[in-house]
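Take a look at the structure set out below.
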Amino acid sequence: MCLTRFRSVVLVLLLNVILTANASTPGATSQAKPGCQSRCGDTIIPYPFGTGGDCNITEEFFITCNTSFTPNKPFLTNSNIQVLNISVDGQLRILSDGSYDCYDTSGKRDWYYYWIRFSEFSINNTKNRFTAIGCDTYALVEGFQGQRYSTGCLSLCSNITDVSNGSCSGIGCCQTSIPKGVRSYSITLQSYDNHSAVLPENPCSYAFVAENDNYTFSTSDIRGSDFQDRKFPVTLDWKIGNTGCNEAKMDTLNFGCKENSDCVDSESSGYICKCFEGYQGNPYLSNGCQDIDECETLSPCNVTARCTNLPGTYNCSCPVGYEGDGTKNGTGCSLPNKDQSKRFPLIDVALGTIIGLLGLLLGIVLLYWMLWRKQVLKLREEYFQQNGGILLREQLSRRQGYREDVKVFAAEELEKATNNYHESRILGQGGQGTVYKGILGDNRVVAIKKSIIGDPSQVEQFINEIMVLYQINHRNVVKLLGCCLETQVPLLVYEYITNGTLFHHLHNDGDDNDAPSLPWEARLRIATETAEALSYLHSAASVPVIHRDIKLANILLDDNYIAKVSDFGASRLIPSDEAQITTMVQGTFGYLDPEYMVTSLLTEKSDVYSFGVVLIELLTGQKVVCFKRSEEQRVLAMYFVSSMKEDRLLEVLDPRVLNDENVEQLKEVAGLARRCVRVKGEDRPTMKEVAHELAGLQAMPKHPWSESKLMGEEAEYLLGDLNSTYYDGATSSSMGYDSINNKITFELDRAR
Ligand SMILES: *[C@@H]1O[C@H](CO)[C@@H](O)[C@H](O)[C@H]1NC(C)=O
Ligand SMILES: *[C@@H]1O[C@H](CO)[C@@H](O)[C@H](O)[C@H]1NC(C)=O
Ligand SMILES: *[C@@H]1O[C@H](CO)[C@@H](O)[C@H](O)[C@H]1NC(C)=O
Ligand SMILES: *[C@@H]1O[C@H](CO)[C@@H](O)[C@H](O)[C@H]1NC(C)=O
Ligand SMILES: *[C@@H]1O[C@H](CO)[C@@H](O)[C@H](O)[C@H]1NC(C)=O
Ligand SMILES: *[C@@H]1O[C@H](CO)[C@@H](O)[C@H](O)[C@H]1NC(C)=O
Ligand SMILES: *[C@@H]1O[C@H](CO)[C@@H](O)[C@H](O)[C@H]1NC(C)=O
Ligand SMILES: *[C@@H]1O[C@H](CO)[C@@H](O)[C@H](O)[C@H]1NC(C)=O
Ligand SMILES: *[C@@H]1O[C@H](CO)[C@@H](O)[C@H](O)[C@H]1NC(C)=O
Ligand SMILES: *[C@@H]1O[C@H](CO)[C@@H](O)[C@H](O)[C@H]1NC(C)=O
Ligand SMILES: *[C@@H]1O[C@H](CO)[C@@H](O)[C@H](O)[C@H]1NC(C)=O
């Protein structure tokens, strides 16, 4: 009786041992639900994914395994989207196509526009990016992320020899990031000239979304045609359900996270599960998260100690009779000193020893601290040099008499100010970096711009921005307070402009449709202030500056809706003896001067064009590129000019601001905007003329020509005429513009 019981106990113990040994071997356990297909070809299918029935958690996680391929190929749901790899950490890699648009010398066109859509999964914006290749190419990627988005890039080259391997900076190849949380994209390609200028070297434009490290530009791709069949891996983020953890936990029956796992809210709605620390496996399966046997895998204890694996952790204990610290970095286990009683009379010696040891310890700590400090300082100096600190010092020493209040901040100060660059402090993200809100020690609120990557070309741009802003002091230009070069990526510190961008105020789409739109008077005043700032940059600043990226999103508004021009990352200083310089074409699609795009010659008139587009946006309240408009009307400037030509100006003006009182003023501004976006730069007015005219209009009485029915060409002619008389120096004018203009001139002078 007693014997049998003993035997069964041994048996149970043995069984236990076997079970644990099996479970603790990583990879040996299936990642799929019991009884479900666990792989398709080379790809492992972990639950919640599965091949039908209860094997997949919902329909979105259904995988079709097509057996007509060897090896078999998995596809997402019933689509033709091939799956490469599934990770239980919440990511999924798939294969996608690209778009192409090809021409031959006879003018024949062969094109294919690709689109892809996921019902639940989203494209990871940090792991993937959008690339376009071609010499006469503008590529757009658009789709949904809750609301419609569209972005894209432009790649041109006038001579194929300009193209260089590995460089995707707009000559032959361009890249841009995609927005966060996107669930679909379609890629369209357009050319300016049907590739006629670059044939036969570059017959095709290509564009695709791919994982960051999958594509490196090679000059042979400009000529190549093998792209048409190429496929690109894309990483997606998946998540369970549409509710956060708290809500999902209530539904205990369907809750996805099993034993020994945590629920983590996904960035969009939904959640994913993660095994506890010390556990590994599939958190979506019951008993999926298995304890890691640290004693086996890490050997975390000193050889003299005994390692015990515990659920989620381990214990290093000394054998019976021994004592000490058994951990790896510990002192090891040893027999306790049995001569304790002998030490008693020698208490003074012991005390002395303890004090000596303490002193030694203090010395060691101090030494360590000093070494660490030295290391940190060395690293900072390295970053400083890498970030162009030397270049900046040189530049600053060469220029004298500029603002001296630009401060060089310490890395810690900015870290503290932004709560260690916490996500909640992000004000905006753009092509060149992320902007954080910071609160300095003296409670001053500032905006801190952090460049995305510290590659050498960006460093130049960064130093450029500092140098441009360093010498500018104008009430309508965002003020640079300082910079920090000690961090891996350089940082710029600006005054904090409280009220967001003009873009946000004009197109406050989505969140609050009821918000009143910006009234016309405010729009006109903001336009005037922006024009004055640009006029100052072009002429009044000690070295003329071309901004190069004027757009609504770069005009900030403060509490009083005063305009502040920002983002000088692309700006150029123009030495006074050169009226124009040749540069790489850079800017924002829709605002980009067509003449500059074709010639690459940068002049002040390019800013005038972009400003003209801003004026048109303020007049019409429409977006600069809008896919709701038909193809010819897609680009706002062209749409606006053709509407004016056809005498349909009143139809395109923003109905939210148009009324009987201000219709004439709007027409005047429309005439001015139209002159600003003329195709030839020399036909456009200068920024100074624009600023004068806007200021004049702002002061114009409400009903100056109440009887007048002037429209379109006629009004423009009159305005143009009036303008030229003024600038020819005539003092008499039937409209009484002189005095106003003179006053504005003074104001400009006062503004430095
Ligand atoms: C999938 O990813 C895992 C982990 O990154 C890797 O070990 C495995 O080889 C990949 N499988 C395929 C087919 O790429
Ligand atoms: C798994 O996917 C298939 C195919 O879409 C579907 O019929 C089935 O209901 C899904 N399983 C569950 C549990 O939703
Ligand atoms: C498998 O792939 C072949 C070839 O692409 C296709 O004809 C077939 O319909 C696919 N089978 C399933 C079940 O999707
Ligand atoms: C994108 O992938 C990275 C790296 O795997 C991850 O840290 C990040 O959370 C992912 N983004 C989203 C929105 O899930
Ligand atoms: C392109 O550049 C090369 C070298 O810079 C030059 O020899 C060639 O004439 C240029 N071709 C054209 C069409 O401008
Ligand atoms: C480009 O080709 C299309 C027809 O494929 C033609 O309608 C268009 O006028 C051409 N554009 C230019 C600039 O040559
Ligand atoms: C890019 O992805 C494709 C498809 O998975 C693969 O064949 C190719 O080797 C990858 N290229 C690089 C450079 O990783
Ligand atoms: C760029 O790389 C390709 C192969 O990757 C090579 O054929 C070509 O000659 C290279 N071009 C230049 C300009 O180095
Ligand atoms: C480790 O094991 C020793 C001896 O079994 C025990 O006294 C100690 O409390 C354990 N420590 C932990 C953290 O479990
Ligand atoms: C032991 O020290 C090394 C390096 O000093 C450290 O990386 C490791 O985490 C330490 N191990 C433990 C168990 O504390
Ligand atoms: C274990 O402890 C002893 C001191 O008792 C030490 O000399 C030895 O280096 C330690 N071993 C390891 C692997 O850390």
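Count residues from 1 along the sequence. Both ligands and their constituent atoms are indexed starting at 1 by order of listing.
Counting heavy atoms of neighbouring residues, nucleotides and ligands inside a 6.0 Å radius, atom CD of Glu259 exceeds 12 of them.
Inclusion of Asp213 in the set of residues having an N or O under 3.5 Å from an N or O of ligand 7 is not warranted.
Residues Leu556 and Phe503 are not in side-chain contact: their nearest non-hydrogen atoms beyond the backbone lie 4.5 Å or more apart. No side-chain heavy atom of Phe49 sits less than 4.5 Å from a side-chain heavy atom of Asn56.
Aromatic ring pairs are classed by plane angle as parallel below 30°, tilted from 30° to 60° and perpendicular above 60°; the pair Tyr100 and Tyr112 is tilted. Between Phe217 and Tyr215, the ring planes are tilted. Angles from 30° to 60° get that label.
Just one of Lys180, Gln91, Lys127 meets the side chain to side chain donor-acceptor pair (under 3.5 Å) condition when paired with Asp237; it is Gln91.
The contact shell of ligand 4, taken as protein residues with any non-hydrogen atom closer than 4.0 angstrom, comprises Gln91, Asn124, Thr126, Lys127, Asp237, Glu267.
Under a 4.0 Å criterion applied to the non-hydrogen atoms of Asp54, ligand 2 contributes the atoms 13 (C). Below 4.0 Å from some heavy atom of Ile57 lie the following atoms of ligand 2, by number and element: 12 (C), 13 (C), 14 (O).
For Thr77, no heavy-atom contact with ligand 2 is shorter than 4.0 Å. The parts of Asn56 lying near ligand 2 are both backbone and side chain, judged by heavy-atom distances below 4.0 Å.
Centroid-to-centroid, the aromatic rings of Tyr113 and Trp115 stay 6.0 Å apart or farther. Taking the six-membered ring where the residue is Trp, the centroids of Tyr284 and Phe61 are separated by 6.0 Å or more.
A heavy-atom separation below 4.0 Å is found between Gly53 and ligand 2.
For Glu211 and Arg129, the salt-bridge test fails: no basic side-chain N is under 4.0 Å from an acidic carboxylate O.
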